[in-house]
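Keep in mind it's a predicted model, so treat the numbers as computed, not measured. Below, chain A is the first sequence line, B the second, and so on; all start at residue 1.
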Number of protein chains: 2
Amino acid sequence: MDNQLISFTEENYLKIIYLLTERHNGNEVSTNQLAEHTQTKAASVSDMLRKLAEKNYINYRKYQGVTLTAAGEQIALGVIRKHRLWEVFLVEKLGFGWDEIHDIAEQLEHIDSKELTKRLDNFLGNPQFDPHGDPIPDAKGKMPSVSYLKLSEIPLNQSVVMMGVSVHSPAFLQHLDKQQITLGCDLKVLEISDFDKSYSILLDGKNTIFVSNEVAKNLLVSIEE
Amino acid sequence: MDNQLISFTEENYLKIIYLLTERHNGNEVSTNQLAEHTQTKAASVSDMLRKLAEKNYINYRKYQGVTLTAAGEQIALGVIRKHRLWEVFLVEKLGFGWDEIHDIAEQLEHIDSKELTKRLDNFLGNPQFDPHGDPIPDAKGKMPSVSYLKLSEIPLNQSVVMMGVSVHSPAFLQHLDKQQITLGCDLKVLEISDFDKSYSILLDGKNTIFVSNEVAKNLLVSIEE
DNA sequence: ATATATTTTTAGATTAGTCTAAAATTTTGT
DNA sequence: ACAAAATTTTAGACTAATCTAAAAATATAT
C-alpha cells in the first residue's frame, strides 16, 4: 500500500536487529543471534545482511556484526509500533490473554497502511504501553521513556508496581497468571531464601506468594512515587 | 499459524476463482480472466493452475478453464469470510469509508488464526453482510442467502431498498456517496429517459436524484416486504 | 603464540512465483 | 469448413529467500 520498497522478510530482520540491539544496550548483533531469532541459518543471514547494507538500512562490517542506520531504525520502529498496537487490540478489544497474542501480532505487524495504523491507535485511545508493558513508539518513532528495574534488584520491603516482563513466552506468562501477578499489581519482597534464592512476595498488600529467582529476574517493576 | 500448507498467493487465486465463478453463475473461469484479476500474465496463471490442480483445489482441464473443488471452495470461503469481517471492522469500528477499505482488507484476509477470526466475528456482533452488502460466510463456509435484483430490472414506481453494489471501485462508491445513496436507503424509479437511459429516482421518499444507466445496473436492491 | 574451535562468509543449489517468446489449441468469421 | 484471430500452454529464464558444504576469519585455550 504505502510502500513496496521493503519486503515482509526485510522488515522482520530490521525489527529483530532493533530488539536485539536494545537488549544488548546498543552493541552490535551477531549473525548467529540473528539466525536463531529469524529461524534460519547463518548463511542465509549473511546474504540478507549484505542486501540490507546495500539498501543502507544497517551498518555492516563483515564478521563484526550489525547495527541499524537511522533509516533502518525508522522502519523497525514502525513495525514494532504496529506489533504493539495490535497486541493492545487483541487483549483490550478481543479479550485474548497476554500469552496468546504474540504469533498473531507477528502477522499483523506487516499490514501496510499508514491510515489504518493511525485509526487503530486512536480507536485504542493512543496507548503508550502494550499488554506486556513494552513501550509503543509514536507515529514518528519516538518511544515513551521507561525506567523499569528487575524485581531481583529491589531491596527487601520496598513496595513496587509491576510494570512489565522481560520474557514473553506463553509458559512464563501463564505462570504469572496462575500466581495472579498482573501488570499494575503491587509487589513487596519480604524475604529471599538462602537455600534456593526464591522470593516471598507480598502481593497487593494481601497475599504472600512464592516465586523462583528466575521469575523475579524477569519481572520489571518501578518504585511507587 | 493454523496451517502452513497453502501460500498467500494460492489463497488469492482460490478467492478470485470463487468470486469470478460466482459472477459467471458457476461457469468455468478462464486463464485470461484470472491473469487480469491477479495482475499477472496468462503464462503465470497456467503454472499456478497446474499447481492448484495437483493439490486438488481446482478442477482443471487444459484450455477449458477451472472451477473449485469442495476443498478449494472451503479455502476460498475462509478467505472471503476474513476479508468481509475485516471490512466491517474497518468501517464500523475505525470509521473508514466503504471506498477506502478494499486494499487493506486484501492484506488482512490472509492473517491466519482461527481464534482471531472467531473473536473478531463476535466483537463485530456476528455480522451477516459487509459494508458493500456482500454476504459473509459463517465459520463453516455457509453463505447467508441473498436475492438481490439490479435496480435496472425493477419496474417503474416500485419502492425498493438499497442492499448492495456489484462494483466496488472507489470511484463508483464515492459517486454514490455524493448522491447520498447508501445501504438501506429507499429507492423508487420514477422515469427512465428515452434519450440516454438515465434514471430519475425518488430517494428516501424525499429528493429526486438522477443516475446513469451504468449506475442503475450496479445498484443491488430488494423489494420491500 | 599458535593450534584448535567457533563464527561468519562464500559458492553453488533449490523453491515459489513471476516473466517473455514460441508453440499448441480453441474460437471466430466468412 | 477452414483460415485467421484469440487464447492458453510450454519452454526457458529471472528474483527473492532459503539451504548445505566448504572456505575464510576471528576467538580461545593452554
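The CG atom of Leu49(B) sits 10 Å away from the P atom of dT8(D) (whole-angstrom rounding). To the nearest angstrom, P of dA21(D) lies 10 Å from NZ of Lys41(A). With rounding to whole Å, Met48(A) atom CE is found 14 Å from dT9(C) atom P. Atom P of nucleotide dA16(D) and atom CG of Asn12(A) are separated by 18 Å, given to the nearest angstrom. Per the geometry, CZ belonging to Phe8(B) stands 18 Å off P belonging to dA16(D), to the nearest Å. Leu5(B) has its CG atom 15 Å from the C1' atom of dA16(C), to the nearest Å. To the nearest angstrom, C1' of dT15(D) lies 12 Å from CD of Glu10(A). The nearest whole Å value for the distance from the CZ atom in Arg50(B) to the P atom in dT8(D) is 17 Å.
Taking side-chain N and O atoms only, Asn32(A) has no distance below 4.0 Å to OP1 or OP2 of dT6(C). The shortest distance between the side-chain N/O atoms of Lys62(A) and the OP1/OP2 oxygens of dA24(D) is not below 4.0 Å. Between Ser44(A) and dT18(D) there is no side-chain N or O to OP1 or OP2 distance below 4.0 Å.
Annotation: Phe89(A) is in aromatic contact with Phe89(B) [ring centroid separation under 6.0 Å].
Nucleic acid contact class of Tyr60(B) (heavy atoms, under 4.0 Å, all strands): sugar-phosphate only. When heavy atoms are screened at a 4.0 angstrom cut-off, Ser46(B) is found touching base atoms of the nucleic acid.
In this structure, Trp98(B) and His132(B) have parallel ring planes: the angle between them is below the 30° cut-off, well short of the 60° mark.
Checking side-chain atoms of Gln128(B) against main-chain N and O of Ser145(B) turns up no donor-acceptor pair under 3.5 Å. With hydrogens and angles disregarded, no donor-acceptor distance shorter than 3.5 Å links the side chain of Ser212(A) to the backbone of Ser198(A).
Distances were taken from every side-chain heavy atom of Tyr63(A) (C-beta onward) to each of dT8(C), dT10(D), dT18(D); the shortest belongs to dT8(C). Distances from the side chain of Ser30(A) to the nucleotides dT9(D), dT8(C), dT9(C) place dT8(C) closest.
In summary, Lys118(B) and Asp121(B) do not engage in a salt bridge, as defined by a charged side-chain N under 4.0 Å from a carboxylate O.
Across the interface with DNA chain D, nearest-nucleotide mapping of Gln64(A) and Tyr13(A) shows Tyr13(A) to be the residue nearer the 5′ end. Both Thr40(A) and Gln33(B) lie near DNA chain D, and the one whose nearest nucleotide falls closer to the 5' end is Gln33(B).
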